[in-house]
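Report on the following structure.
Position 1 is the first residue of the sequence, and the numbers go up from there. None of the values given here were measured: they were computed from a predicted structure.
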Amino acid sequence: MTHFLTFLGRLHPLIVHLPIGFILLGLLLQWYNRKQDMHLDKAISIAFLWAGISAVAACITGLLLYTHEGFAYDTVKLHLWFGIITAVCSFIYYVRISHIAFHKTPVIIFSILILIVISATGHFGGNITHGSDYLTEPLPPSVKRIIGIETQEGNEIALNEEELDDAILYSDIIQPILDNKCVSCHGPKKSKGELALHTPEAIQKGGENGAVIDLKTPDSSAIYHRLILPVDHEDHMPPKEKTPLTKHEIALIKVWIEHEANFDKSIGQLQLDHELFTSFFKNENSSELPPVSVATVSKDVISNLKKSTAFGIQPVSKSTSFLEVSCLNFPDFKDADLNTLKPFFKNIVSINLRGTQVSDDIFNSLIKLPNLQTLKLDNTQVSGAGIGSLQKLEYLRTISVTNTNFEAASLKDLALLENLEKVYIFNTPAAQSPQENTDITFTINYGNYTLPIIATDTIIY
């Protein structure tokens, strides 16, 4: 019997649409009837009679779903009660249209009431299946702030070396690190393990396993210890699908704990070495093109090359001589074909070799592109052997090797690239064998994104 009731409960998402349809049909007929005086009261009353009947069926199946699938009452209570109110209002509307009762009450009042009720019922039902921020999540932060929705925006840490001693270690550095990398799972909205890290009070309170800071033995502090575990360890934080903390960020958290996890003192008061913060100093050119001058390549040269080959070549912008090269329409591109671009090696800042026939030998050729910033090698046969030679490319910031044979050992070779910022390794051996977080100074994007947790994810079977 339990199995049958569970089956009926799971019909709720189907049945729940019936009363919505009947109510909207009835309201549309009522609106049309007022405009045209078509004497449609009989049809309207039938629509609301079936709206009430189907709403009762939806309530019953919803109740079965709630009791047999393990939903928490606090999760479903608003949807449940508004569903019951919807059923009642449907029958009241039927009684009014059928001239059985409520003769003196204008129909428009019932119309507005039932429209509000059905909208609220649907809204709270949507919150259960999609999450409370399903509608508002895509809105820009500026719009969210206008309508009173709290936003969790990334906080850039950009320090001025001349004013470094005046910066407060916790509020200017540690808290932004936690906000950017930890608070999405340990904050005011979601507190995994009953741990929140968005305020000093929350940090001091700790989580379900107790305090996360141990001033006597800083290395044993949970907030630090979990950061230095191997990425594939079940207790490593953050999870490998999340953006990891950099080596510099982890080191600063340790320093902060070693200095009694102070929330108020400045870097100068704590007498900290400025070398700890060099990675956070403002770099005016960090998001710009290489600060070098290169000769402009003739449009005729580019045009002739594009006609004779399948290269895609275009300027980065009208105001620069730098170029972007794509082999999207050149799947037969091999390592030796790179020499075809020799006339403007210095101009190339981005090269897309996705889906081509290149091998690991391409790394020995790519070092001839001194101003290269972005390298895309997705869907190729590269394994990463010899990729450390790219350390000669001082402006290289982004490398993408998704869907390749890129090995985990090659990630360590990438540590030689001082200015490298991000590496994409989805669906590679490296993604299956994560390295310890302390071995890298750049962000690794594993690509295994997950949807945010919603109410239905908390079902207990």
Starting from the C-alpha separation in whole Å, work towards a yes-or-no answer on side chain to side chain contact (heavy atoms under 4.5 Å, CB included) for Ile173 and Ile267.
CA-CA 10 Å; Ile173 300 168; Ile267 292 172; 3.6 Å; yes
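- Aromatic rings from Tyr224 and Trp256 are positioned such that their centres are separated by 6.0 Å or more.
- Interatomic distance, Ile253 CD1 to Leu245 CG, rounded to the nearest 0.5 Å: 5.0 Å.
- Side-chain contact between Leu197 and Ile223: present, with at least one pair of heavy atoms (C-beta onward) separated by less than 4.5 Å.
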The test is side chain to side chain contact (heavy atoms under 4.5 Å, CB included); show your working for Leu375 and Leu396 and say whether it passes.
CA-CA 8 Å; Leu375 172 61; Leu396 187 58; 4.2 Å; yes
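- With a 4.5 Å cut-off on side-chain heavy atoms, Pro238 and Leu227 count as touching.
- At distances below 3.5 Å, not a single donor-acceptor pair connects side-chain atoms of Asn33 with backbone N or O atoms of Leu29.
- Between the CG atom of Leu270 and the CD atom of Glu258 there is a distance of 11.5 Å, given to the nearest 0.5 Å.
- Here the two rings, on Phe91 and Tyr94, have centers that are 6.0 Å apart or farther.
- A 4.5 Å side-chain heavy-atom check between Val316 and Leu323 finds every atom pair outside the cut-off.
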Under 3.5 Å, sequence neighbours excluded: what are the donor-acceptor pairs made by side chains of residues 51-60?
residue: Ser54; atom: OG; partner: Trp50; partner atom: O; Å: 2.7
residue: Ser54; atom: OG; partner: Ala51; partner atom: O; Å: 3.1

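- No more than 12 heavy atoms of other residues, nucleotides or ligands lie within 6.0 Å of CD in Glu260, so this atom counts as exposed by the packing criterion.
- For the pair Val358 and Leu377, the minimum side-chain heavy-atom distance is below 4.5 Å.
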Tell me, with the steps shown, if Tyr93 and Phe102 meet side chain to side chain contact (heavy atoms under 4.5 Å, CB included).
CA-CA 9 Å; Tyr93 205 118; Phe102 309 113; over 6 Å; no
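- Judged purely by atom type and a 3.5 angstrom limit, Ser111 uses its side chain to pair as donor or acceptor with the backbone of Val107.
- Two residues are said to be in side-chain contact when any heavy atoms from C-beta on lie closer than 4.5 Å; Leu169 and Asn262 fail this criterion.
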Just do the side chain to side chain contact (heavy atoms under 4.5 Å, CB included) check on Leu113 and Cys89 with the steps written out, would you?
CA-CA 8 Å; Leu113 175 62; Cys89 287; 4.1 Å; yes
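- The side chain to side chain contact (heavy atoms under 4.5 Å, CB included) search around Ser171 returns Ile168, not counting sequence neighbours.
- One distance of note links OG1 of Thr356 with CZ of Phe330; it measures 9.0 Å at 0.5 Å rounding.
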Counting only pairs under 3.5 Å, give me each side-chain donor-acceptor contact of residues 79-86, with atom names and distances, residues two or more places apart or in other chains.
residue: His79; atom: ND1; partner: Thr121; partner atom: O; Å: 2.9
residue: His79; atom: ND1; partner: Gly125; partner atom: N; Å: 3.3
residue: Trp81; atom: NE1; partner: Tyr73; partner atom: OH; Å: 3.0
residue: Thr86; atom: OG1; partner: Phe82; partner atom: O; Å: 2.8
residue: Thr86; atom: OG1; partner: Thr121; partner atom: OG1; Å: 3.0

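- In this structure, CD on Glu324 lies 10.0 Å from CD on Gln373, to the nearest 0.5 angstrom.
- Every side chain to side chain donor-acceptor pair (under 3.5 Å) that Lys181 has, sequence neighbours left out, goes to Glu249.
- Counting only distance, with no hydrogens or angles, the side chain of His259 and the backbone of Val255 share a donor-acceptor pair below 3.5 Å.
- His225 NE2: 12 or fewer foreign heavy atoms inside a 6.0 Å radius.
- Partners of Asn352 according to the side chain to side chain donor-acceptor pair (under 3.5 Å) rule, which considers only residues two or more places apart in sequence or in another chain, do not exist here.
- Using a 4.5 Å heavy-atom threshold, the side chains of Val349 and Thr374 count as separate.
- Of the possible polar contacts, none joining the Ser221 side chain to the Ile213 backbone as a donor-acceptor pair under 3.5 Å is found.
- Side chains of Asn405 and Thr428 form no contact here, defined as non-hydrogen atoms less than 4.5 Å apart.
- In this structure, Thr217 contributes its side chain and Ser220 its backbone to no donor-acceptor pair below 3.5 Å.
- Side-chain N or O atoms of Asn379 include none that pairs as donor or acceptor with a backbone N or O of Arg354 at under 3.5 Å.
- Heavy atoms only, all atoms of each residue included: Phe311 and Cys327 are closest at CE2-SG, 3.7 Å.
- In this model, no donor atom of one side chain and acceptor atom of the other lie less than 3.5 Å apart for Thr398 and Tyr424.
- By the 4.5 Å heavy-atom criterion applied to side chains, Asp41 and His99 are counted as neighbours.
- The main-chain N or O of Ser317 is never found under 3.5 Å from a side-chain atom of Thr320 such that the two would form a donor-acceptor pair.
- Between the Arg96 side chain and the Thr105 main chain, a donor and an acceptor come within less than 3.5 Å of each other.
- Proximity of a side-chain donor or acceptor of Ser98 to a complementary backbone N or O of Val95 within less than 3.5 Å is not detected.
- One distance of note links CE of Met237 with CG of Leu195; it measures 9.0 Å at 0.5 Å rounding.
- Side-chain atoms of His186 come within 3.5 Å of backbone atoms of Lys192 as a donor-acceptor pair (strictly under, hydrogens ignored).
- With sequence neighbours left out, the side chain to side chain donor-acceptor pair (under 3.5 Å) criterion links Ser400 to Asp378.
- In this structure, OG1 on Thr67 lies 7.5 Å from CG on Leu5, to the nearest 0.5 angstrom.
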